[in-house]
Amino acid sequence: NSSNVLLRPNRAGEAIEATVTIEVRAAEDGDALVTGWEGEAIGMQRCTPQLPFENSPVVFGAPTSTATAQAGAFVVEAFQFCGPDATPHATELVLQLAPAIEEATGWPARSPSRLFLTSAMSAGMGGAHGLHMNVPADAVPGFEQAPSFETTLAHELIHEWLGIRLHESHGSLVWFREGFTEYLAQWFAAAGGITSREHFAETLEEYDRYARRNSSLGRVAFADPGVTWRDGDGPNELMAYRGAPVLALALDVELRERGHPG
């Protein structure tokens, strides 16, 4: 599995408007590879992504399991490379969540929407061409039914709307991209019946307790452009992921009390 290592061509620091073709080859012509751009292929793939590059998972090797689901013109494809098969439930989650998010935002979901399940990284990652979900080393059948898996998948899926299409212009807005995405993930999961409303309330209560115990409380402000939020899972980054959802909840309640839909 590869992180995004693609470069945007530039001259003297200025981006060059150009068409770039990327060719991805497996070690052997008969070996499988899977990318978010093209899905599964044997031996080689060639694509011309938009500039700036839209990142994509790239996996060399044949999936241990796959699944496809469709609702109207919207297609979901899942590729798993280790552990108990979670692809049927994962594809159904995307099939349920994406139309609801589309209805709320007015932006259509990307189709096909590709999902990768590997042990290459912890938690998950949302990308322009596919999202990644971690399969724990000790995963047992049914691990994908846990609310932690379901809401993480929702979080990474929502990044297609908040984080990619609507993206921050400055690193000081990481708290908004990650914290509000986390709130929306918990909200959409509960609103769709994927998780319970009790789980939603308990999770936000726990986030509130965590934020109040966090050592960055009183030292940083969400609106301060000088704050570095990415500190390697330090207090600032965890405040972004746990404190900002509480702010999102407060804003949601305020909007609803004023007669707006939230």
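- The two residues G171 and W229 make their nearest non-hydrogen contact at O-CD1, 4.0 Å.
- Side chains of E40 and F79 form a contact here, defined as non-hydrogen atoms less than 4.5 Å apart.
- Of the charged side-chain nitrogens involved, none lies within less than 4.0 Å of a carboxylate oxygen, so that E38 and R114 do not count as a salt-bridged pair.
- By the 4.5 Å heavy-atom criterion applied to side chains, P245 and L204 are counted as neighbours.
- Under the 3.5 Å distance criterion, the side-chain polar atoms of W161 are matched with a main-chain donor or acceptor of W107.
- The CZ atom of R242 sits 9.0 Å away from atom OG1 of T203, with the distance rounded to the nearest 0.5 Å.
- Here the closest heavy-atom approach between residue T195 and residue P147 is recorded as CG2-CB, 4.0 Å.
- Here the side chain of E28 pairs no donor or acceptor atom with the backbone of G30 at under 3.5 angstrom.
- One distance of note links CZ of R197 with CD of Q186; it measures 14.5 Å at 0.5 Å rounding.
- Judged by distance alone, with hydrogens and angles left aside, the side-chain atoms of E77 form no donor-acceptor pair with the main-chain N or O of G36 at under 3.5 Å.
- A ring-centre distance under 6.0 Å is found for F143 and F149.
- Of all the heavy atoms in A211 and L217, the pair that sits closest is O-CB, 3.9 Å.
- No chain of hydrophobic side-chain contacts below 4.5 Å, direct or via other Ile, Leu, Val, Met, Phe, Trp or Tyr residues, connects I158 to I164.
- The structure places CE of M239 at 11.0 Å from CG of D231, a figure rounded to the nearest 0.5 Å.
- What you find for H132 and N134 is that their closest heavy atoms are CE1-N, 3.9 Å.
- The CZ atom of R165 sits 7.5 Å away from atom OG1 of T105, with the distance rounded to the nearest 0.5 Å.
- Under the 4.5 Å side-chain heavy-atom criterion for ILVMFWY residues, a single connected hydrophobic cluster contains both L184 and L173.
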- Message: side-chain contact (heavy atoms from CB on, under 4.5 Å), that's the test. Do T68 and V76 meet it? Break it down for me.
- Response: CA-CA 6 Å; T68 302; V76 184; over 6 Å; no
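- Between M125 and M121, some side-chain heavy-atom pair lies under the 4.5 Å cut-off.
- Within the 4.5 Å cutoff, side-chain heavy atoms of S113 are placed close to those of V94.
- With hydrophobic clusters built from ILVMFWY side chains whose heavy atoms lie under 4.5 angstrom apart, W37 does not share a cluster with L131.
- Residues Y183 and V253 share a hydrophobic cluster, clusters being chains of Ile/Leu/Val/Met/Phe/Trp/Tyr side chains in contact below 4.5 Å.
- A side-chain donor-acceptor contact under 3.5 Å links E156 to the backbone of G126.
- Salt bridge present: E23 and R25 bring a charged side-chain N and a carboxylate O closer than 4.0 Å.
- The 12-atom threshold is exceeded at CD of Q145, counting heavy atoms of other residues, nucleotides or ligands nearer than 6.0 Å.
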- Task: Would you please test V59 and L33 for side-chain contact (heavy atoms from CB on, under 4.5 Å) and show each step?
- Result: CA-CA 6 Å; V59 183; L33 64 92; over 6 Å; no
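- Using a 4.5 Å cut-off on side-chain heavy atoms (C-beta onward), P63 and V34 make contact.
- In terms of heavy-atom proximity, F81 sits nearest to A62 at CD2-O, 3.8 Å.
- Placement of F176 and L251 within a single hydrophobic cluster is found when ILVMFWY residues are connected by side-chain heavy-atom separations under 4.5 Å, directly or transitively.
- Under a 3.5 Å cut-off, the side chain of H260 and the backbone N or O of G262 do not form any donor-acceptor pair.
- When side chains are defined from C-beta on, Q80 does not count as touching T66, because their heavy atoms never get closer than 4.5 Å.
- Aromatic ring pairs are classed by plane angle as parallel below 30°, tilted from 30° to 60° and perpendicular above 60°; the pair H155 and H159 is perpendicular.
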- Show your reasoning for whether side-chain contact (heavy atoms from CB on, under 4.5 Å) applies to R110 and E160. CA-CA 8 Å; R110 187 185 298 275; E160 181 179 325; 3.2 Å; yes
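- At a threshold of 4.5 Å between non-hydrogen side-chain atoms, the residues T118 and V135 do not count as touching.
- Comment: E202 does not engage R209 in a salt bridge, judged by the lack of any side-chain N to carboxylate O separation of less than 4.0 angstrom.
- Dense packing is recorded around CZ of R213, with more than 12 heavy atoms of other residues, nucleotides or ligands lying under 6.0 Å away.
- Once rounded to the nearest 0.5 Å, the distance linking CH2 of W175 with OH of Y241 reads 14.5 Å.
- In this structure, OG in S111 is found 6.0 Å from CZ in F74, a value given to the nearest 0.5 Å.
- S216 and N236 get closest at one heavy-atom pair: CB-OD1, 3.4 Å.
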- Message: side-chain hydrogen bond (donor to acceptor under 3.5 Å, both in side chains), that's the test. Do S56 and T35 meet it? Break it down for me.
- Response: CA-CA 7 Å; S56 166; T35 75; 4.8 Å; no
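- Residues satisfying the salt bridge (charged side-chain N to carboxylate O under 4.0 Å, His left out) criterion with D85, sequence neighbours excluded, are absent altogether.
- I194 places a side-chain heavy atom less than 4.5 Å from the side chain of L93.
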- Please assess W187 against D252 for the test side-chain contact (heavy atoms from CB on, under 4.5 Å), listing each intermediate value before the final yes or no. CA-CA 10 Å; W187 191 93; D252 197 356; 3.9 Å; yes
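- Few gaps surround CG on D224; more than 12 heavy atoms of other groups in view lie less than 6.0 Å from it.
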